[in-house]
Amino acid sequence: MPPKPLEPLAKKLMKGVIVVELLGVFGVYGLFHMMNNSQDFRNTMNKRFPSVLEVYYKSNEWAGVYGIRERDHEAWSAKQE
(Lines give C-alpha, C1' and ligand atoms only; values in the text may rest on other atoms or scores of the structure.)
Protein backbone atom coordinates (compact mmCIF):
# COMPACT_ATOMS: atom_id res chain seq x y z
CA MET A 1 0.00 0.00 0.00
CA PRO A 2 1.62 3.31 -1.06
CA PRO A 3 2.00 6.09 1.53
CA LYS A 4 -0.64 8.76 1.58
CA PRO A 5 0.40 11.89 -0.32
CA LEU A 6 -0.37 14.28 2.57
CA GLU A 7 1.79 12.48 5.14
CA PRO A 8 5.09 14.27 4.28
CA LEU A 9 3.31 17.64 4.25
CA ALA A 10 1.74 16.94 7.65
CA LYS A 11 5.12 15.99 9.11
CA LYS A 12 6.72 19.18 7.78
CA LEU A 13 3.88 21.31 9.16
CA MET A 14 4.12 19.64 12.56
CA LYS A 15 7.89 20.20 12.68
CA GLY A 16 7.31 23.84 11.74
CA VAL A 17 4.73 24.27 14.50
CA ILE A 18 7.09 22.74 17.06
CA VAL A 19 9.96 25.02 15.96
CA VAL A 20 7.74 28.11 16.18
CA GLU A 21 6.54 27.10 19.65
CA LEU A 22 10.11 26.53 20.85
CA LEU A 23 11.18 29.92 19.50
CA GLY A 24 8.24 31.48 21.34
CA VAL A 25 9.13 29.78 24.62
CA PHE A 26 12.78 30.83 24.41
CA GLY A 27 11.78 34.37 23.40
CA VAL A 28 9.45 34.71 26.37
CA TYR A 29 12.11 33.32 28.69
CA GLY A 30 14.63 35.83 27.34
CA LEU A 31 12.18 38.69 27.86
CA PHE A 32 11.44 37.52 31.40
CA HIS A 33 15.16 37.20 32.14
CA MET A 34 15.85 40.74 30.91
CA MET A 35 12.95 42.16 32.93
CA ASN A 36 13.99 40.19 35.98
CA ASN A 37 17.56 41.53 35.90
CA SER A 38 17.18 45.15 34.80
CA GLN A 39 15.04 47.83 36.40
CA ASP A 40 15.87 50.15 33.49
CA PHE A 41 14.53 47.58 31.04
CA ARG A 42 11.35 47.31 33.11
CA ASN A 43 11.05 51.10 32.88
CA THR A 44 11.35 50.87 29.09
CA MET A 45 8.71 48.15 29.07
CA ASN A 46 6.51 50.34 31.27
CA LYS A 47 6.67 53.13 28.69
CA ARG A 48 6.26 50.97 25.57
CA PHE A 49 4.30 47.88 26.62
CA PRO A 50 2.70 48.39 30.06
CA SER A 51 0.49 45.31 29.67
CA VAL A 52 3.56 43.07 29.28
CA LEU A 53 5.08 44.57 32.43
CA GLU A 54 1.80 43.98 34.27
CA VAL A 55 1.95 40.29 33.31
CA TYR A 56 5.53 40.19 34.65
CA TYR A 57 4.44 41.70 37.98
CA LYS A 58 1.42 39.39 38.25
CA SER A 59 3.46 36.27 37.48
CA ASN A 60 5.99 37.17 40.16
CA GLU A 61 3.25 37.89 42.70
CA TRP A 62 1.59 34.59 41.79
CA ALA A 63 4.95 32.86 42.40
CA GLY A 64 5.24 34.53 45.81
CA VAL A 65 7.75 37.27 44.93
CA TYR A 66 6.33 40.54 46.20
CA GLY A 67 7.60 44.12 46.24
CA ILE A 68 9.10 44.44 42.75
CA ARG A 69 6.33 46.73 41.53
CA GLU A 70 6.64 48.98 44.60
CA ARG A 71 10.45 49.22 44.37
CA ASP A 72 10.20 50.08 40.68
CA HIS A 73 7.64 52.83 41.25
CA GLU A 74 9.73 54.28 44.09
CA ALA A 75 12.90 54.29 41.99
CA TRP A 76 11.15 55.78 38.93
CA SER A 77 9.47 58.53 40.94
CA ALA A 78 12.80 59.38 42.62
CA LYS A 79 14.43 59.69 39.17
CA GLN A 80 11.77 62.13 37.98
CA GLU A 81 12.16 64.46 40.96
Side-chain angles (χ1 to χ4, degrees):
M1 184 170 177
K4 296 180 182 168
L6 292 178
E7 246 178 60
L9 178 63
K11 285 183 181 180
K12 285 182 182 179
L13 285 174
M14 188 55 118
K15 286 179 184 178
V17 167
I18 291 172
V19 166
V20 168
E21 285 185 1
L22 284 173
L23 288 173
V25 166
F26 286 119
V28 168
Y29 175 75
L31 181 65
F32 177 82
H33 183 71
M34 289 175 66
M35 285 197 292
N36 207 32
N37 290 327
S38 173
Q39 193 174 51
D40 289 332
F41 185 72
R42 286 194 301 269
N43 190 18
T44 302
M45 292 301 289
N46 185 41
K47 292 175 184 172
R48 293 185 183 171
F49 306 106
S51 60
V52 174
L53 185 63
E54 184 63 27
V55 169
Y56 168 77
Y57 289 143
K58 291 283 185 186
S59 66
N60 275 312
E61 290 167 359
W62 181 74
V65 180
Y66 298 99
I68 297 173
R69 180 191 316 253
E70 291 78 15
R71 284 193 305 264
D72 285 348
H73 287 291
E74 287 174 11
W76 298 336
S77 63
K79 269 187 179 178
Q80 289 177 353
E81 293 174 2

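Qualifying side-chain contact (heavy atoms from CB on, under 4.5 Å) partners for Leu23, counting only residues two or more places apart in sequence or in other chains: Val19. Judged as a salt bridge (Lys or Arg N to Asp or Glu O under 4.0 Å), and not counting sequence neighbours, Lys12 has no contacts. For Glu54, the side-chain contact (heavy atoms from CB on, under 4.5 Å) test picks out Tyr57, Lys58, Arg69, with sequence neighbours left out. Listed by chain and residue number, Asn37 satisfy the side-chain hydrogen bond (donor to acceptor under 3.5 Å, both in side chains) test with His33 (two or more places apart in sequence, or in another chain). Residues passing the side-chain contact (heavy atoms from CB on, under 4.5 Å) test with Arg71, sequence neighbours excluded: Ile68.
One hydrophobic cluster, built from ILVMFWY side chains closer than 4.5 Å, cannot hold both Val17 and Leu9; they sit in different ones. In this structure, Val65 is a member of the same hydrophobic cluster as Leu53, with clusters built from ILVMFWY side-chain heavy atoms closer than 4.5 Å.
No donor-acceptor pair closer than 3.5 Å links the side chain of Ser38 to the backbone N or O of Met35.
Residues Phe32 and Asn60 meet the side-chain proximity criterion, which asks for heavy atoms closer than 4.5 Å. Taking the side chain as every heavy atom from C-beta outward, Glu21 and Val25 never approach each other to under 4.5 Å. Contact of the Val52 side chain with the Leu31 side chain is registered, since non-hydrogen atoms from C-beta on lie closer than 4.5 Å.
The hydrophobic cluster around Trp62 extends to none of the other residues, as no ILVMFWY side-chain heavy atom falls under 4.5 Å of it.
To the nearest 0.5 Å, atoms CG (Asp40) and CE (Met45) are separated by 13.5 Å. Separating the OH atom in Tyr29 from the CE atom in Met34 is a distance of 12.5 Å, to the nearest 0.5 Å. Gln39 CD to Asp72 CG: the interatomic distance, rounded to the nearest 0.5 Å, is 4.5 Å.
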